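Reviewing the structure listed below.
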Amino acid sequence: MTGTRALVAFPDPNSGQLVLLPYILDPTVKLQKSPLLSRPLDIHLISSTAILYGGKMATIHNGATVQIYATLKLVPNKTRIHHVWNRGLYVQGYSPTIHPTTSNDLSSIATFDVLSGSAAAQHSNARSLKIAHGILNAFSWGILLPIGAVTARYLRHVQSLGPTWFYIHSGIQLSAFFLGTVGFAIGIRLGELSPGVVYGLHRKLGFAAFCLGALQTLALLFRPKTTNKFRKYWKSYHHFVGYSCVVLGVVNVFQGFEVMGEGRSLAKLGYCLCLSTLIGICIAMEVNSWVIFCRKSKEEKLRREGLIGGSEKGSGIHSIVE
């Protein structure tokens, strides 16, 4: 972390003995423009030492424990210390190389007060935000949005509902997009609280799903009338963007479980059960739709051949819809 005053312990490249040297991490080191060289710290360091634990034959390379002790003199009226810690992979001469940059490595920071003895991790509300982000997005993009697509596909053919299916569909989709926007905003905030921690795929899928959802919402303002010649093009656009948004949303929910380390959790199992139930309902309704379509086609064929009358056809179709 840029600006850190660090004490780094490692085996001496000449003697193999444990050494402890001071370093200052400036921007040139972070950009790896020059090697990290030991130099005196610009803080009042009274004493420092490193101790190797693990027995007489223990070495750093076979997993022995190293503990670093230091005594500092704080400036007047300052009792809080920002503490960072990490472990590196190897040392080139006396120059430690860059440490791993995983989520855990970049979040190893805490602030403690030497007067009260209390310690608090930075961004203590990050965990709560992650939970809220996960719940909102899983429910909106992963459940509510697919339900809205299902209502449009299957309820529009129920004659007894009339235009009601459209209001149900619009209400569900707008609610899903509103909740998804809140979850999206929380995700942006989490990114600001975790500088250097980037989940590339999850972030890209999230932005793509949000943009498609925004386009679908704006499409309501430009919805042509059924008699307009551009209506069929609008419908094609609406279907393509809508289904793409649903697929991206569901995929990103699963990606989010992996990002949060919940790949084998009960939460993911519960989501999978909900999604499986919805898929099962879709399959059943799709089969029913094809059955109705085949019956209508058969009745239409019989009517053209004069085997049934118009009134019989009407009553037959009405009973199927009901």
Side-chain angles (χ1 to χ4, degrees), residues 133-134 136-188 191 199-256 271 274-294 296-297 300 321:
H133 172 73
L136 284 173
N137 285 339
F139 179 69
S140 58
W141 300 104
I143 296 179
L144 208 56
L145 204 67
I147 290 177
V150 170
T151 58
R153 177 167 179 79
Y154 300 110
L155 295 187
R156 65 185 302 171
H157 300 295
V158 181
Q159 297 178 0
S160 59
L161 287 178
T164 305
W165 71 268
F166 173 76
Y167 300 110
I168 296 175
H169 167 68
S170 301
I172 293 176
Q173 299 301 72
L174 288 175
S175 300
F177 181 69
F178 173 76
L179 293 176
T181 301
V182 176
F184 178 79
I186 294 176
I188 297 297
Y199 302 105
L201 180 59
H202 184 60
R203 182 184 180 90
K204 292 175 183 177
L205 289 175
F207 271 99
F210 177 78
C211 291
L212 291 178
L215 286 175
Q216 281 292 77
T217 304
L218 291 175
L220 290 174
L221 303 177
F222 305 98
R223 181 169 175 256
K225 296 182 179 179
T226 54
T227 56
N228 193 299
K229 64 178 180 179
F230 294 106
R231 174 76 175 201
K232 60 180 180 179
Y233 301 110
W234 183 90
K235 286 184 63 177
S236 299
Y237 153 82
H238 187 66
H239 289 166
F240 175 77
V241 175
Y243 286 123
S244 298
C245 184
V246 170
V247 172
L248 287 178
V250 172
V251 171
N252 206 27
V253 168
F254 283 104
Q255 182 66 22
Y271 175 72
C274 292
L275 191 61
S276 300
T277 302
L278 182 60
I279 292 175
I281 293 174
C282 290
I283 293 175
M285 297 183 72
E286 189 69 24
V287 171
N288 182 67
S289 298
W290 277 102
V291 170
I292 293 176
F293 174 76
C294 292
K296 286 183 176 181
S297 299
E300 182 65 22
V321 173

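This chain uses plain numbering: 1 for the first residue, then up along the sequence. Please read all numbers here as calculations on a predicted model, not as lab measurements.
Of all heavy-atom pairs between Cys245 and Gly213, the closest is SG-N, 3.7 Å. Nearest heavy atom pair, residue Gly249 against residue Ala209, reads N-CB, 4.4 Å. Of all heavy-atom pairs spanning Val246 and Pro146, the tightest one is CG1-CG, 3.9 Å. Looking at every heavy atom in both residues, Ala208 comes nearest to Leu248 through CB-CD1, 3.8 Å.
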Cut-off 3.5 Å, no hydrogens considered: what does the side-chain donor-acceptor table look like for residues 171-179, sequence neighbours left out?
| residue | atom | partner | partner atom | Å |
| --- | --- | --- | --- | --- |
| Ser175 | OG | Gly171 | O | 2.8 |

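Contact check for Leu161 versus Phe166: no side-chain heavy atoms found under the 4.5 Å cut-off. Looking at heavy atoms from C-beta onward, Asn252 lies in side-chain contact with Gln255 at the 4.5 angstrom threshold. Looking only at side-chain heavy atoms (C-beta outward), Tyr271 and Val250 come within less than 4.5 Å of each other.
The NE2 atom of His169 sits 13.0 Å away from the CZ atom of Arg153 when rounded to the nearest 0.5 Å. Rounded to the nearest 0.5 angstrom, His133 NE2 and Ile188 CD1 are separated by 9.0 Å. Note that the OG atom of Ser244 and the CG atom of Leu212 stand 6.0 Å from one another [nearest 0.5 Å]. Atom CG of Leu278 is separated from atom CG of Leu144 by 10.5 Å, given to the nearest 0.5 angstrom. Atom OH of Tyr154 is separated from atom OG1 of Thr151 by 11.0 Å, given to the nearest 0.5 angstrom. Rounding to the nearest 0.5 Å gives a distance of 8.0 Å between CD1 of Ile186 and CG of Asn137.
Panel note: side chain Tyr237, backbone Ala219; no donor-acceptor pair is recorded below 3.5 Å.
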Give the C-alpha distance, both sets of side-chain angles, the deciding distance and a yes or no for side chain to side chain contact (heavy atoms under 4.5 Å, CB included) between His238 and Gln216. CA-CA 7 Å; His238 187 66; Gln216 281 292 77; 3.3 Å; yes
